[in-house]
Every structure is written in C-alpha cells, then in structure tokens.
Amino acid sequence: MDNCQRNGCTGKVQDGFCDECGMPPAGTRLLAQVAQMAAGQTSATQRSGNNDTFATGTAATGTGRSGTRRHTSRSTKGSSTRRQALGGGLVSLPPMPSQDPLSLIMANPEVPERRRRCPKCDVKVSRTRGFCGECGSEYNFIPALQTGDVVNGKFEIKGAIAFGGMGWIYLGWDMVLQRWVVMKGLLNAKDEAAAANAVTERQFLAALKHPKIVGIYDFVNHGNEGYIVMEYVGGVAIGGMMKQKGVFTVEEAIAYILGILPAFSYLHANGFVYCDFKPENFMLEGDDVKLIDVGGMRKIGDPNGDIYGTRGYMAPEANDDPVEVSDLYTIGRSLATMVMDFKYGKEFETSLPGPDQQPVLAQHESLYRFLLRATHLDPDQRFQSADEMADQLHGVLREIVAIKTEPRPSESKAFTSDNLFDADDVDGTEKPEVRLLPTLKMAVSDPAANELLRLSSVTDPRKQVVALEQVAKKFGQKSVEARLRLANAYLAIERYQDATRLLDQLFAEDPYDWRISWYRGKSFLAQGDAQKARIEFGKVYFEMPGEIAPKLAIAFAAETKQDYKEASSYYHRVIKVDPSQTAACFGLARCLAHGKDTLGAGNALAAVPAQHSLFNLARIALAKSLLDSEPVLDVPKLEKVAQTIESISVDGGIIHQLTATLLEKSSSMIAAGKIREDSNTMLLGRPLHSRALRAGAEEEFRKAARFATTATEKIMWIDMANAVRPPSFM
C-alpha cells in the first residue's frame with residue numbers, strides 16, 4: 001500500500017482511496033473528465049410528487065460569492081482524523097448485514113394520498129393520475145415499469161421498491177453481468193427526445209468513483225423516461241432505521257455522520273454538490289455508510305442545472321446557488337433530526353430548538369454549538385469544508401465519549417496543550433494567568449512561517465517584539481501569522497494598545513478569522529476585563545466546538561470574574577477529555593475549594609497524570625487540601641494523606657513540612673478524642689500512637705528547618721519542633 005500524499009495525512013491508499021482521509025491520493029478534479037459527458041445541459045423546472053422534496057430550475061445566478069469566507073483562512077483542507085471506521089475509533093457499532101433484495105419489493109406500489117402533489121406547482125392532488133386543477137399540468141403516480149419489463153435489452157425489472165423525490169425506484173437484474181441493480185427515473189417527459197436529453201445531462205455522474213458513494217453503472221432510455229442504473233446497496237437507510245427505532249443515541253448519530261463526510265470532501269474537491277442530503281439518502285451496509293441517491297447532484301456554479309432539496313433540510317441560499325456550505329447545512333440539519341425529535345419541517349424549518357426544549361442539547365453543549373454553526377442561516381458563518389466539519393465533530397464526539405467513559409486525549413491541529421508544564425511553576429497553579437493558555441500552532445502555509453519558526457528560540461519578550469516587528473514589516477499583509485504573533489508578543493510586555501491596533505487591522509482584512517478573537521480574549525483577560533474576554537473566547541468556541549482550548553479559556557475568564565460554577569463546569573469538561581491539561585486540574589481545584597468542596601478539589605488534583613511534570617506540585621497541593629479538611633478527617637482519610645505524601649518523588653522542605661503537619665494533626669486528634677490510638681496502624685512509618693506521632697513530627701519539623709532560606713523561617717520550624725516534642729519522663 002502506498003502512503004497518502006495529502007498534506008498532514010498519515011493514511012494508506014487502498015483501492016484508490018486513502019483509508020484515513022477518504023480522498024484519492026492525488027486529489028485530481030473530475031471536471032476535466034466529464035466535460036464532454038456533461039454537454040447539452042437544459043434548463044427546466046421540476047417538482048416531485050413528494051410534498052416535502054422539491055426541485056427548481058435555475059438560470060445563470062451570478063451570486064458573486066468570491067469574496068465570502070470560503071476564500072479566507074477558515075477554509076481548511078485535509079484531515080488526518082481516521083474516519084474510515086465508523087466513529088473514528090471512539091465508538092463501536094454493530095455491522096448491518098446485507099438484505100435480500102427481493103424482500104424490498106412493494107406488494108402494492110402506490111403513492112399515499114398525503115404525498116401526491118403536482119410536479120409543477122406543488123399543489124396537493126388526490127388521484128393517482130390526471131391534470132392539476134391549479135396549473136393544468138399532467139401528473140402520474142402510477143409506476144411506469146412493471147415486473148418482467150426489460151429495459152435497454154438487459155435490465156429485467158423485478159418490481160418497485162420505493163417512491164422518491166424524482167419518481168419511482170425499481171429493483172432490476174442485469175441479465176448480462178448477473179448482478180442486482182437499482183433503477184431510478186430521471187425525468188417524467190412527454191416524448192423520447194426529452195428522456196434522451198435528461199440522460200445526457202446526468203452522464204457526468206458516471207465519473208464519480210468513491211467507496212462511500214453508490215456506484216453509477218449506466219444511463220438508459222425507456223419510452224418517454226430516462227433512468228439512472230445504480231449499484232445495489234443491500235443495507236438499511238439511516239432514515240429507515242429511525243422510523244423503526246426513533247432517534248439515535250448521540251454517539252451513534254455522530255458516528256454515521258462522520259462516516260459519510262469523506263464522501264462530501266471528495267465531491268466538493270471535484271466540483272460537485274450533493275444538494276439533497278438527509279437520513280433517507282445514506283445507508284448503513286456492513287460496517288460502513290454510503291450515499292445511495294445521487295440523482296439530485298449537480299456541478300457547482302452550473303447556471304442551468306435543476307436544484308433538488310427537501311424542506312427542513314435545504315439551506316436557504318440553495319434555491320438559487322447551492323455551494324459546498326449548502327451541503328454542510330444539510331448535514332447539520334440531518335444530524336439534528338437524528339438526535340432529537342422536533343418539527344424540523346414546520347416550526348423549526350430554518351432554526352433549532354434550544355437546550356430548554358431538548359435535553360440532549362442541554363446535556364451536550366458542544367454538540368449544540370456544533371449544530372448552531374453547521375446550520376447557521378449565513379453561509380459564511382458555517383463550517384467551510386467537510387474536512388473542517390469532520391475535525392470539529394470528531395472533537396465533539398471525543399468529549400461526549402470521554403465524559404461517559406474515560407479520557408480521550410488527542411493532539412489538536414490548531415492549539416498546543418496548555419502552558420502549565422514547568423515543575424517549579426507554583427504561581428501557575430494558584431491563579432488563571434493568561435500565559436498558561438494554549439498557544440496557537442503555526443500555519444505552515446504562511447509565507448513568513450520559516451522565519452517565524454527561527455524566532456522561536458528568542459525567549460526574551462522585548463527582543464521577541466523587535467524581531468517580530470521586523471518580520472511583520474518585511475512581509476506586510478502577505479503574512480497573517482507574523483502580525484498575529486506580533487500582537488501576542490505585545491500582550492506579553494503589556495503593550496495592549498499596540499496589540500489592539502494590530503488585531504483591528506487584521507479584523508478589517510478578514511472578519512471571519514477566529515484567531516483574532518482568541519488574541520482579543522487574551523488581551524482582555526490580561527487587562528482584567530474578564531467579561532469581554534469571556535465574549536471573545538465564546539466566539540472561538542462557536543467556531544471550534546470540538547476543541548478544548550476555548551473551553552479552558554472560558555473557564556479562565558469565568559474564574560477571574562468569580563463565576564466559580566461556570567468555571568468549574570468548563571474545567572471539568574477539559575479534564576474529562578484530557579487530564580494532562582493541568583491548568584484545568586488546578587483551576588477546578590481552586591474553584592471547588594472556594595466552595596468548600598474539599599473532596600472535589602482533591603479529586604481534581606488527583607487527576608494530574610503521574611508522568612506529568614506537575615505531578616509533584618499537584619500531590620503537594622492535594623496533601624495540603626486533605627489536611628485542611630480537619631472536620632471530616634478520620635483514620636482512613638489520614639492514611640490517604642499519608643499515601644499522597646509518599647507518592648511525592650521530590651525531596652525538600654515542603655515534604656518534611658507536610659509529614660510533620662500530618663503527624664502533629666493525628667496526635668492532636670487522638671488527644672481530642674476524635675480518633676483512637678492503634679499501634680498496628682502506621683502513618684509514614686510511625687504507629688498511630690500519640691507519643692510516636694509527636695516524636696515523628698518533631699523530627700520532621702527539624703528537617704524542614706534545614707531547608708529554610710532565611711533565619712526567620714529556620715527559627716519558626718525549630719520553634720514548632722520544640723512545641724510538638726513529647727514530654728520527657730524522669
């Protein structure tokens with residue numbers, strides 16, 4: 001197997017597609033291959049017999065969207081997330097066995113009266129065939145093909161299996177190649193010439209080759225209708241599964257959506273939009289999902305092609321000019337319908353219910369944020385590529401799974417880990433300082449990237465500012481990275497006005513670059529304006545719902561403004577996903593300790609991984625926290641404190657101080673009658689006996705005095721040793 005050549009991808013190419021990003025290795029476009037096949041496009045207006053699915057013919061639109069966000073730094077390409085397996089390795093779903101195709105045939109193929117609508121004006125009609133009383137157009141809901149019919153001399157019709165947006169869908173048998181096929185009508189016409197034209201204008205679909213898209217075998221005419229001949233997929237449509245069991249669990253639904261997103265990456269990269277995505281249009285077969293209805297697909301920017309969509313799923317702008325983000329809107333709407341039951345085609349046709357109406361949204365805030373962005377009415381506010389959407393959705397799933405099970409850390413493409421990593425950074429453990437927030441990773445495509453990387457060795461903040469000013473001046477507007485990093489350097493030396501000026505300039509150039517909000521939030525937080533910082537970090541959270549860095553930043557802002565409840569909520573989520581983000585562990589401990597939740601604070605500190613450089617500081621803080629909980633101390637808790645002290649692997653005065661404090665406190669509790677002496681119970685090598693504990697405390701206080709840095713401190717520890725020394729017996 002060859003390695004995928006896409007930037008940032010580590011997958012292997014199998015059967016012509018990467019097993020990681022789902023894309024062809026070379027990323028070549030298909031439009032050149034189908035230019036001849038797509039000739040002869042017609043302009044038409046069509047409506048289906050489905051009361052929810054509709055299609056509109058278009059003329060040249062000229063929407064002039066070249067200045068939209070789709071061409072800014074937000075439009076990222078390429079994903080290294082392993083999505084070939086459903087759920088990206090985070091969840092496990094049972095495979096769906098293939099169905100017997102003959103079991104799908106309808107015994108009595110008839111369109112229900114509620115779904116009969118005029119294909120021209122969409123007015124409800126009652127009969128199976130006739131003329132519309134509103135516009136006079138002819139309609140016919142009777143299957144044109146019957147069991148036993150042979151189409152194009154090779155496809156034997158076995159029966160109708162469904163009625164879709166463009167008419168009846170049939171099961172057929174390829175008598176030449178001996179395989180099952182699905183046949184779908186392309187156009188209800190009045191003559192054979194119109195049917196032939198309909199076939200010609202969809203020939204480009206035959207060039208689409210992707211394992212997550214149903215294969216197109218042929219295009220044929222039969223009488224006054226044209227048909228697309230497709231691969232038979234023997235699984236179950238996601239929409240059909242929902243009809244049987246209702247909405248999915250959040251994990252299931254996200255896994256299915258993640259599974260189908262590589263198909264959209266492929267289509268968009270090759271100049272096509274799917275248009276009419278919904279749960280009914282992708283299927284679970286075996287252990288993978290596949291798009292099963294490509295009849296409404298069209299080329300991006302086609303001024304003449306018909307536009308198909310379904311009410312409640314279709315993006316507002318898609319009526320005129322469906323583009324990539326229009327597809328992403330339908331994906332967001334589909335995910336929403338898969339996780340909650342709501343009136344998506346009526347009351348919430350272009351909106352979402354809130355967390356107060358849907359418990360699933362209240363429970364999973366990151367999912368709610370994801371859906372809000374995915375289904376935003378403004379196309380420029382949505383995810384700008386299927387890869388970007390997949391990256392964030394994978395992060396959302398990671399958080400949901402981690403909260404229910406165990407940590408699921410993963411390296412971010414946008415952020416480093418937090419900057420609390422110095423084993424001696426005591427100040428960093430005691431308050432939420434801006435310097436501790438994660439650092440934005442370098443955009444390697446930036447023209448100044450190489451020079452900026454060389455400057456990473458400059459540690460003096462003022463020298464760094466001078467060097468960055470030179471780079472920013474050299475590259476000017478060509479380098480966004482140079483100016484963003486210069487703004488960040490200004491913050492480090494408290495030149496807030498210069499940072500603000502630079503960020504305002506960048507915002508004027510690109511108001512959709514979320515990195516500007518990140519640095520603005522840092523600036524406000526550094527200046528003590530936690531409320532404004534919270535707003536800016538919230539904007540980043542909207543853009544990046546699958547990242548934990550914005551959640552950590554919001555927690556910092558909330559703690560700074562003494563909203564300990566909100567801060568604790570965000571700290572908790574960060575820790576559940578990745579406890580190596582120690583800034584969150586210490587932050588949660590601070591917030592809970594403020595609320596007198598000593599046990600909770602201890603659990604937060606205990607979450608710091610043993611291999612982390614801050615482990616010893618966390619254990620020291622944990623021991624202090626446990627010792628401060630005197631009203632609830634008992635022998636088991638004293639033993640837990642002792643175990644915590646023993647786990648600290650550094651030597652120094654603090655260890656002897658903690659040991660002496662524990663032994664002295666235990667002796668005092670015996671004297672007060674709170675616990676009983678027990679010579680068989682040991683604390684740090686001393687029996688739980690008053691005299692032994694006092695002798696041990698004296699010894700440890702004297703050892704602490706040896707590490708004193710001032711004469712005053714040394715005298716203090718010696719005085720404490722003398723005070724706790726057990727009395728002498730004559």
How long is the straight-line distance from [atom2] of [Y] back to [atom1] of [X], given to the nearest 0.5 Å?
{"X": "Phe370", "Y": "Tyr541", "atom1": "CZ", "atom2": "OH", "answer": "12.5 Å"}
{"X": "Ile213", "Y": "Ile260", "atom1": "CD1", "atom2": "CD1", "answer": "8.0 Å"}
{"X": "Leu622", "Y": "Asn603", "atom1": "CG", "atom2": "CG", "answer": "8.5 Å"}
{"X": "Ile161", "Y": "Ile105", "atom1": "CD1", "atom2": "CD1", "answer": "8.5 Å"}
{"X": "Leu261", "Y": "His268", "atom1": "CG", "atom2": "NE2", "answer": "9.5 Å"}
{"X": "Leu437", "Y": "Phe415", "atom1": "CG", "atom2": "CZ", "answer": "9.5 Å"}

Would you say that [X] contacts [Y] through its side chain, given a criterion of any heavy-atom pair below 4.5 Å between the two side chains?
{"X": "Met241", "Y": "Phe248", "answer": "yes"}
{"X": "Val214", "Y": "Val182", "answer": "no"}
{"X": "Phe163", "Y": "Pro112", "answer": "no"}
{"X": "Leu552", "Y": "Pro438", "answer": "yes"}
{"X": "Lys245", "Y": "Glu252", "answer": "yes"}
{"X": "Met297", "Y": "Leu208", "answer": "yes"}
{"X": "Val91", "Y": "Leu397", "answer": "yes"}
{"X": "Leu267", "Y": "Leu291", "answer": "yes"}

- After noting the C-alpha distance and the side-chain angles of Ile254 and Leu90, does the key distance pass the side chain to side chain contact (heavy atoms under 4.5 Å, CB included) rule? CA-CA 11 Å; Ile254 294 178; Leu90 294 172; over 6 Å; no
Using atom types as modelled and distance alone, determine if a side-chain donor or acceptor of [X] lies under 3.5 Å from a backbone N or O of [Y].
{"X": "Glu349", "Y": "Tyr344", "value": "no"}
{"X": "Arg333", "Y": "Leu371", "value": "no"}
{"X": "Ser613", "Y": "Phe421", "value": "yes"}
{"X": "Lys441", "Y": "Ser412", "value": "yes"}
{"X": "Tyr266", "Y": "Lys209", "value": "yes"}
{"X": "Gln581", "Y": "Asp418", "value": "yes"}
{"X": "Gln357", "Y": "Gly354", "value": "yes"}
{"X": "Lys278", "Y": "Gly309", "value": "no"}
{"X": "Asp276", "Y": "Gly296", "value": "no"}
{"X": "Ser568", "Y": "Cys591", "value": "no"}

Of all heavy-atom pairs between [X] and [Y], which one has the smallest distance, and what is that distance?
{"X": "Ala255", "Y": "Leu93", "answer": "CB-CD1, 3.6 Å"}
{"X": "Leu614", "Y": "Leu420", "answer": "CD2-O, 3.6 Å"}
{"X": "Lys551", "Y": "Pro545", "answer": "NZ-O, 3.1 Å"}
{"X": "Gln392", "Y": "Gly546", "answer": "OE1-N, 2.8 Å"}
{"X": "Pro579", "Y": "Ala607", "answer": "CB-O, 3.4 Å"}
{"X": "Gly234", "Y": "Glu285", "answer": "N-OE2, 3.0 Å"}

- Task: Dump the intermediate steps for ring pair (Phe, Tyr, Trp, His ring centres under 6.0 Å) on Phe556 and Phe537, then the final yes or no.
- Result: CA-CA 10 Å; Phe556 269 35; Phe537 291 140; 8.6 Å; no
For [X], which residues count as a salt bridge (Lys or Arg N to Asp or Glu O under 4.0 Å) partner, sequence neighbours excluded?
{"X": "Lys343", "result": "none"}
{"X": "Lys561", "result": "none"}
{"X": "Glu547", "result": "none"}

Please determine, by modelled atom types, if [X] and [Y] share a side-chain donor-acceptor pair under 3.5 angstrom.
{"X": "Tyr571", "Y": "Glu559", "result": "yes"}
{"X": "Tyr570", "Y": "Glu365", "result": "yes"}
{"X": "His594", "Y": "Arg590", "result": "no"}
{"X": "Glu324", "Y": "Ser385", "result": "no"}

- Item | Worked verdict on Leu352 versus Met340 for side chain to side chain contact (heavy atoms under 4.5 Å, CB included) | CA-CA 10 Å; Leu352 293 171; Met340 55 187 174; 4.2 Å; yes
- Please name the residue in the list Arg408, Lys576, Arg573 that meets the salt bridge (Lys or Arg N to Asp or Glu O under 4.0 Å) test with Glu399. Arg573
- Item | Phe277 vs Phe282, ring pair (Phe, Tyr, Trp, His ring centres under 6.0 Å): CA-CA, chis, key distance, verdict | CA-CA 8 Å; Phe277 183 72; Phe282 74 122; 5.0 Å; yes
- Task: Decide yes or no on side chain to side chain contact (heavy atoms under 4.5 Å, CB included) for Asn281 and Thr310, but give the supporting numbers first.
- Result: CA-CA 11 Å; Asn281 283 349; Thr310 300; 6.0 Å; no
- Message: Run Trp180 and Leu102 through side chain to side chain contact (heavy atoms under 4.5 Å, CB included) and show every step you take.
- Response: CA-CA 10 Å; Trp180 294 107; Leu102 293 175; 3.6 Å; yes
